[in-house]
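Below: one structure, written as structure tokens.
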Amino acid sequence: QGGTDVRANTTRAEPLNLTSPVGESFALTGHKWFCSAPMSDLFLVLAQLEGKLSCFLLPRVHPDGGRNGMYLQRLKDKLGNRSNASAEVELDGAFAWLLGEPGRGVATIIQMVALTRFNCMVGSSAIMRQACTQVLHHIQHRQVGGRRLIDQPLMRNVVADLVLEAEAALWLSMRVAHALDVREGDPGENLFVRLVTAIGKYWICKRAPAHVNEAQECLGGLGYIEEHIMPRLYREAPVNSIWEGSGNVQCLDVLRALSRSPETRDVLIKELRRAQGFDAGYDHAVDGLERSLDGVLDDPFVARVLTERMAVLLQAGILARYLSEPVAAAFLRARVSPSTLAYGGLDDPDAAAWLLARLQFD
């Protein structure tokens, strides 16, 4: 009924006036077109409490030991993600506890959303990593024209570029993981989480489907056969860009974070400046981004362009600091001012060799 427009939610909450050490108890009534992971024991649910959207904790089992008033209407027939059920549910006087303050439902549930957006980043990173693993194994054993595919220059470029994308996704995800670990005692890292979970969720999850498709192509017909894992990865890849807010939602959230908390911009630029000096093109791009932030925060039309630029520069800076400066420079040239928009645009054979060796098989 609402989807992204959570305030259009029509589920309502009525007080039960029961004493509980957990908190105030309510009866929830309404229909949920999408309920993720219906096999869970607890659910976070948004509902209208006296016209104010509030957050509730709904147990599968009623505190008296009986079944709670949550009924599965059907399982969703999804494109992928089939091993993780999604359902349509009816709430008929379902028992639940209020979480947070009345009317602060979005603010309460957003704490969970930061973690689930991070989950989407990690999930997409893992899908890309698995795709690279499959491709690298294949090209080390498959021969075409009397030579192994891994020894053929164009294939090396394409696959190294795929590995580079997976590395960049993983390192940005781990940087966010660190910020999540320490954010309670570090205001700067808390602002980093607020901004970069949206940036990373948008960009990493957006890159995954095309990444898997390119990996399928490296395997040829084998990558299109259901007996292989690649079709499953291909079906799985799009879901993370939809869960917890689609791409436009993430990009608008980036603008919202930067405009509502100007100090968030300082945290971003400080993070990018930590890698200053490893490449002149990187320094120039960061300077340009800093200047552009002055004039575009109130222009949603360019939100995707801005978010992508921040994501790529964050990835390049993190790769330079923690992985390899030559590899980070190759990534920067392939993503900021690419000679091609397809995979296979690396211009440094040594960086490609280094990347392929990262996932080499005996």
Side-chain angles (χ1 to χ4, degrees), residues 117-118 121-122 124-125 128-129 160-183 186-207 211 250-251 254-255 257-258 261 263-294 296 304-338 345-348 350-352 354-355 358:
R117 285 179 177 176
F118 169 69
M121 294 170 62
V122 173
S124 290
S125 300
M128 288 191 275
R129 181 81 169 192
D161 209 358
L162 290 173
V163 174
L164 182 56
E165 188 72 37
E167 289 279 359
L170 178 63
W171 281 96
L172 179 56
S173 297
M174 292 302 98
R175 175 64 184 89
V176 172
H178 170 73
L180 284 166
D181 281 345
V182 302
R183 62 174 173 168
D186 190 327
E189 290 295 270
N190 192 45
L191 289 171
F192 185 88
V193 167
R194 172 68 183 89
L195 179 67
V196 182
T197 48
I199 293 173
K201 199 274 189 188
Y202 167 73
W203 185 238
I204 293 173
C205 300
K206 185 65 66 182
R207 296 291 284 176
H211 182 280
Q250 303 305 317
C251 294
V254 168
L255 293 189
L258 289 168
S261 302
E263 61 272 26
T264 303
R265 168 185 161 159
D266 298 333
V267 168
L268 171 67
I269 298 302
K270 180 181 178 182
E271 177 73 17
L272 294 173
R273 296 291 184 200
R274 287 176 176 170
Q276 191 165 357
F278 92 89
D279 183 271
Y282 175 83
D283 295 345
H284 178 73
V286 172
D287 290 340
L289 173 65
E290 187 172 14
R291 288 192 300 269
S292 68
L293 289 177
D294 293 329
V296 299
R304 282 196 175 210
V305 175
L306 182 66
T307 303
E308 176 181 331
R309 194 180 312 163
M310 288 188 283
V312 169
L313 290 176
L314 280 166
Q315 288 179 318
I318 293 168
L319 289 175
R321 290 164 57 201
Y322 296 109
L323 191 64
S324 162
E325 287 191 2
V327 168
F331 174 83
L332 190 73
R333 291 191 296 272
R335 298 297 186 270
V336 175
S337 301
L346 300 184
D347 60 3
D348 185 345
D350 291 336
W354 191 92
L355 286 161
R358 292 269 292 171

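Heads up: numbering here begins at 1 and tracks the sequence.
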Does [X] reach the side chain of [Y], with side-chain heavy atoms less than 4.5 Å apart?
X: D266; Y: L191; result: no
X: F118; Y: L180; result: yes
X: I204; Y: M128; result: yes
X: V254; Y: M310; result: yes

Rounded to the nearest 0.5 Å, what's the gap from [atom1] on [X] to [atom2] on [Y]? Could you check?
X: K206; Y: C251; atom1: NZ; atom2: SG; value: 8.0 Å
X: D181; Y: M174; atom1: CG; atom2: CE; value: 9.5 Å
X: H211; Y: L162; atom1: NE2; atom2: CG; value: 4.5 Å
X: R309; Y: W203; atom1: CZ; atom2: CH2; value: 12.0 Å
X: R265; Y: L258; atom1: CZ; atom2: CG; value: 8.5 Å
X: K201; Y: S173; atom1: NZ; atom2: OG; value: 12.5 Å

Run the numbers on L195 and V267 for side chain to side chain contact (heavy atoms under 4.5 Å, CB included), then give the verdict.
-> CA-CA 9 Å; L195 179 67; V267 168; over 6 Å; no

Using atom types as modelled, flag every donor-acceptor pair under 3.5 Å from a side chain in residues 317-324 to any protein atom, sequence neighbours excluded.
| from | atom 1 | to | atom 2 | distance (Å) |
| --- | --- | --- | --- | --- |
| R321 | NH1 | E271 | OE2 | 2.8 |
| S324 | OG | V327 | N | 3.3 |

With sequence neighbours left out, write down each residue that passes side-chain contact (heavy atoms from CB on, under 4.5 Å) with A334, or none if nothing qualifies.
-> L346

Sequence neighbours excluded, the answer for ring pair (Phe, Tyr, Trp, His ring centres under 6.0 Å) partners of F192 is none

[X]: what forms a side chain to side chain donor-acceptor pair (under 3.5 Å) with it, not counting sequence neighbours?
X: E167; result: W171, R358
X: E290; result: R273
X: R183; result: none

Evaluate side chain to side chain contact (heavy atoms under 4.5 Å, CB included) for T307 paired with Q250, printing each intermediate quantity in order.
-> CA-CA 9 Å; T307 303; Q250 303 305 317; over 6 Å; no

For the pair V336 and Y282, evaluate side chain to side chain contact (heavy atoms under 4.5 Å, CB included) and give the outcome as yes or no after the intermediate values.
-> CA-CA 9 Å; V336 175; Y282 175 83; over 6 Å; no

Considering all heavy atoms, the nearest Q315-A169 contact = NE2-N, 3.6 Å

Salt-bridge test for R335 and E308: reply yes if a basic N is under 4.0 Å from a carboxylate O, no otherwise.
-> no

Give the intermediate values and the outcome of side chain to side chain contact (heavy atoms under 4.5 Å, CB included) for residues R333 and D348.
-> CA-CA 10 Å; R333 291 191 296 272; D348 185 345; 4.1 Å; yes

